[in-house]
Amino acid sequence: MGKAFDWIYSRFGIKESHKGLLKRTIPGNVNYSYCLGGMAFIFYCTLLISGMLLSSYYIPSEKEAFQSVVRIMRVANLGLLIRAIHKWTANLLMLSILLHTLRVFANKAYRPPRELNWIAGAFTLVLSFASGFTGYLLPWDQKAYWATVVGTNMIATIPLIGNSLLLLVRGGPEVTGFTLVRFYSLHVIWFPLLMNLLLWAHFHMIRKQGISGGL
Ligand code: HEM
C-alpha cells in the first residue's frame with residue numbers, strides 16, 4: 001500500500017505541495033467546539049454524494065416525481081438507505097451550522113480580520129436553509145406541496161417586489177410543475193455551485209487568517 005501511495009505521490013507531488021496545508025499551527029486553547037465547522041463540511045459532502053446518487057433515479061416532473069421517489073424507496077438498490085442518509089444529513093447540517101455559528105459568535109471570532117469570513121459564513125447559512133426548502137418540495141406529495149405553498153406565500157409580503165418575486169420563485173401564480181423544475185434546478189445546480197464557491201472562500205480565509213483561538 002505504502003509503495004502504491006509513494007508512486008502516486010511521486011507523479012502528483014501531493015506530499016510537497018500540500019505540506020503547508022497539512023502542517024498548520026493552531027492556538028493551544030481550542031476545544032471540541034472547534035470541530036463543528038468541520039462536521040458541517042462532512043455533512044455537506046455526504047449530502048453531495050447521496051444527492052448525486054438520488055439524482056440518477058429521481059424524475060423532476062409533475063407526473064413522475066412522486067412515483068420516482070416511491071421507486072427509490074421500494075425498488076432501487078439501497079435507495080431507502082440513501083434517501084434516509086440524505087434527509088438525516090440535511091437536518092444534521094442545519095444543526096451543526098447553527099452550533100458552529102454560535103461557537104464563532106461566543107468566541108467573538110466575527111471581529112476583524114475575520115468579518116468578511118463571518119459574512120461568507122452567513123451566506124452559507126442562508127443557502128443551506130434555501131437548499132432545505134427547495135429539497136422539501138421534491139418528493140411532490142401533499143406535505144411537500146402545501147409546505148411550499150405556505151412558504152412561498154410569505155414572499156408576497158415583501159414590500160414592493162413581493163408579488164413579482166413570488167411569480168419568479170413559483171414560475172407562475174401557483175405552485176405547479178414549473179415550480180418543481182425550478183426548485184430542482186436551484187437544489188441540484190445553482191445552490192451547490194454557490195455553496196462550493198462560498199466554502200472555498202471560507203476555507204481560504206481560514207487558512208490566511210488562522211483559527212482565532214478561545215477567549
Ligand atoms: C456549511 C457551512 C459551514 C462550514 C462547512 C464551515 C466550516 C468551517 C470550518 C471547518 C472552520 C474552522 C474550524 C471551526 O472553527 O469550526 C470555520 C471557521 C469559521 N466559520 Fe464556518 N462554516 C460554515 C458556516 C459558517 C457560518 C454560518 C458562519 C457565520 C455566520 C461561519 C463563520 C466562521 C468564522 C468567522 C470562522 C473563523 C473562526 C475562528 O477563526 O475562530 N461559518 N468554518
Side-chain angles (χ1 to χ4, degrees), residues 14-15 17-55 58 82-138 147-148 151 154-155 158 169 182-215:
I14 285 177
K15 259 183 193 163
S17 57
H18 288 60
K19 250 182 197 156
L21 187 78
L22 298 171
K23 294 194 174 150
R24 309 285 301 174
T25 43
I26 52 167
N29 51 351
V30 297
N31 54 44
Y32 281 117
S33 66
Y34 284 73
C35 296
L36 287 162
M39 281 168 67
F41 185 60
I42 291 171
F43 293 139
Y44 176 66
C45 293
T46 312
L47 277 169
L48 281 187
I49 295 166
S50 54
M52 279 157 75
L53 291 171
L54 288 175
S55 74
Y58 179 76
I82 290 162
R83 184 170 178 228
I85 290 176
H86 198 71
K87 276 184 112 176
W88 275 96
T89 324
N91 289 311
L92 289 169
L93 176 71
M94 300 298 171
L95 187 68
S96 55
I97 297 186
L98 286 174
L99 292 175
H100 170 59
T101 309
L102 277 179
R103 194 290 286 165
V104 172
F105 186 73
N107 285 136
K108 297 197 172 77
Y110 49 80
R111 291 188 297 197
R114 295 183 181 79
E115 67 277 44
L116 186 59
N117 212 10
W118 171 265
I119 293 169
F123 277 112
T124 65
L125 185 68
V126 174
L127 263 185
S128 305
F129 278 106
S131 299
F133 184 60
T134 47
Y136 201 79
L137 177 67
L138 302 185
T148 305
M154 291 184 211
I155 298 175
I158 300 173
V169 169
R182 203 154 279 202
F183 273 34
Y184 181 70
S185 157
L186 289 171
H187 189 76
V188 306
I189 299 175
W190 290 99
F191 289 163
L193 257 177
L194 276 173
M195 190 74 160
N196 290 352
L197 265 175
L198 281 171
L199 286 180
W200 171 79
H202 199 55
F203 294 149
H204 175 78
M205 282 185 267
I206 291 166
R207 260 179 61 71
K208 271 219 97 57
Q209 295 149 2
I211 290 292
S212 65
L215 283 175

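Atoms within each ligand, like the ligands themselves, are counted from 1 in listed order. All values below come from the heavy atoms of this structure, side chains included, with hydrogens, waters and symmetry mates left out.
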| message | Rounded at 0.5 Å granularity, tell me how far CG in Asn107 sits from CD1 in Ile211. | response | 10.0 Å

| At a 4.0 Å threshold, what atoms of ligand 1 neighbour a non-hydrogen atom of Phe41? | 5 (C)

| remark: for atom 11 (C) of ligand 1, nearest protein heavy atom and its distance come out as Ile206 CD1, 3.3 Å

| Element-labelled atoms of ligand 1 that are located less than 4.0 Å from some non-hydrogen atom of Met195 | 1 (C)

| task | Would you indicate whether the side-chain heavy atoms of Thr148 and Phe183 approach each other to under 4.5 Å? | result | yes

| query | Any donor-acceptor pair under 3.5 Å linking the side chain of His100 with the backbone of Leu36? | reply | no

| Would Arg182 and Val169 satisfy side chain to side chain contact (heavy atoms under 4.5 Å, CB included), going step by step from the backbone distance to the final call? | CA-CA 8 Å; Arg182 203 154 279 202; Val169 169; over 6 Å; no

| Given Arg111, Met205, Arg103, His202, which one has a non-hydrogen atom that is nearest to atom 38 (C) of ligand 1? | Arg103

| message | If I take atom CG from residue Leu47 and atom CH2 from residue Trp88, how far apart are they, to the nearest 0.5 angstrom? | response | 13.5 Å

| said: Starting from atom 27 (C) of ligand 1, what is the nearest protein heavy atom, named by residue and atom, and what distance separates them? | reply: Gly121 O, 2.9 Å

| Considering only the protein, which heavy-atom contact is closest to atom 24 (C) of ligand 1, and what is its distance? | Thr124 OG1, 3.2 Å

| Among the N, O or S atoms that His100 has, which is closest to atom 21 (Fe) of ligand 1? | NE2

| said: Does Asn29 form a side-chain hydrogen bond (donor to acceptor under 3.5 Å, both in side chains) with Tyr34? I'd like the steps, not just the answer. | reply: CA-CA 10 Å; Asn29 51 351; Tyr34 284 73; 5.8 Å; no

| field | Residue portion contacting ligand 1 (non-hydrogen atoms closer than 4.0 Å) for Leu199 | value | side chain

| message | Closer than 4.0 Å to some heavy atom of Phe203 - which atoms of ligand 1 meet that? | response | 7 (C), 8 (C), 9 (C), 10 (C)

| request: Identify, by atom number and element, the atoms of ligand 1 in contact range of Leu125, meaning under 4.0 Å from any of its heavy atoms. | output: 27 (C)

| message | Counting neighbours of OH on Tyr110 that are heavy atoms of other residues, nucleotides or ligands and sit closer than 6.0 Å, is the number greater than 12? | response | yes

| said: If I apply the N/O under 3.5 Å rule, does Ser33 come out as touching ligand 1? | reply: no

| field | Residue pair Pro192 / Leu48: nearest heavy atoms and the distance that separates them | value | CB-CD2, 4.3 Å

| Which one of Cys45, Ala40, Ser128, Ser212 has a non-hydrogen atom at the shortest distance from atom 40 (O) of ligand 1? | Ser212

| Location of contacts on Ile211 toward ligand 1, heavy atoms closer than 4.0 Å | both

| Taking all atoms of both residues into account, what is the closest heavy-atom pair of Met195 and Ser128, and its distance? | CE-OG, 3.4 Å

| field | Distance from atom 14 (C) of ligand 1 to nearest protein heavy atom, with residue and atom | value | Tyr34 O, 3.2 Å

| Backbone, side chain, both or neither: what part of Tyr44 comes under 4.0 angstrom of ligand 1, heavy atoms only? | neither

| How are the rings of Phe105 and Trp118 set relative to one another: parallel (under 30°), tilted (30 to 60°) or perpendicular (over 60°)? | tilted

| said: Can a donor-acceptor pair be found, under 3.5 Å and without considering hydrogens, that links the side chain of Arg114 to the backbone of Ile206? | reply: no

| Which residue owns the protein heavy atom closest to atom 37 (C) of ligand 1, what's the atom, and how far is it? | Arg114 CD, 4.0 Å

| message | Evaluate Tyr110 for polar contact with ligand 1, using N/O atom pairs at a separation under 3.5 Å. | response | no

| said: Can you name the atoms of ligand 1, numbered from 1 with element, that are less than 4.0 Å from a heavy atom of Gly210? | reply: 40 (O)

| message | Looking at every non-hydrogen atom in both residues, tell me the closest pair between Leu93 and Ala40 and how far apart they are. | response | CD1-O, 3.2 Å

| field | Residue and atom name of the nearest protein heavy atom (relative to atom 35 (C) of ligand 1), distance in Å to one decimal | value | Val104 CG1, 3.4 Å

| Per-atom contacts of ligand 1 with Gly38, taking only distances under 4.0 Å to non-hydrogen atoms | 10 (C)

| Does Gln209 approach ligand 1 within less than 4.0 angstrom via side chain, backbone, both or neither, non-hydrogen atoms only? | neither

| note | A student checking ligand 1 against Thr101 at a 4.0 Å heavy-atom cut-off should list atoms 26 (C), 27 (C), 29 (C), 30 (C)

| said: Surrounding CZ of Phe41 (heavy atoms of other residues, nucleotides or ligands, distance under 6.0 Å), is the total greater than 12? | reply: no

| note | Correct closest heavy-atom pair for Ala201 and Asn117 would be O-OD1, 4.3 Å

| Element-labelled atoms of ligand 1 that are located less than 4.0 Å from some non-hydrogen atom of Ile97 | 1 (C), 2 (C), 27 (C)

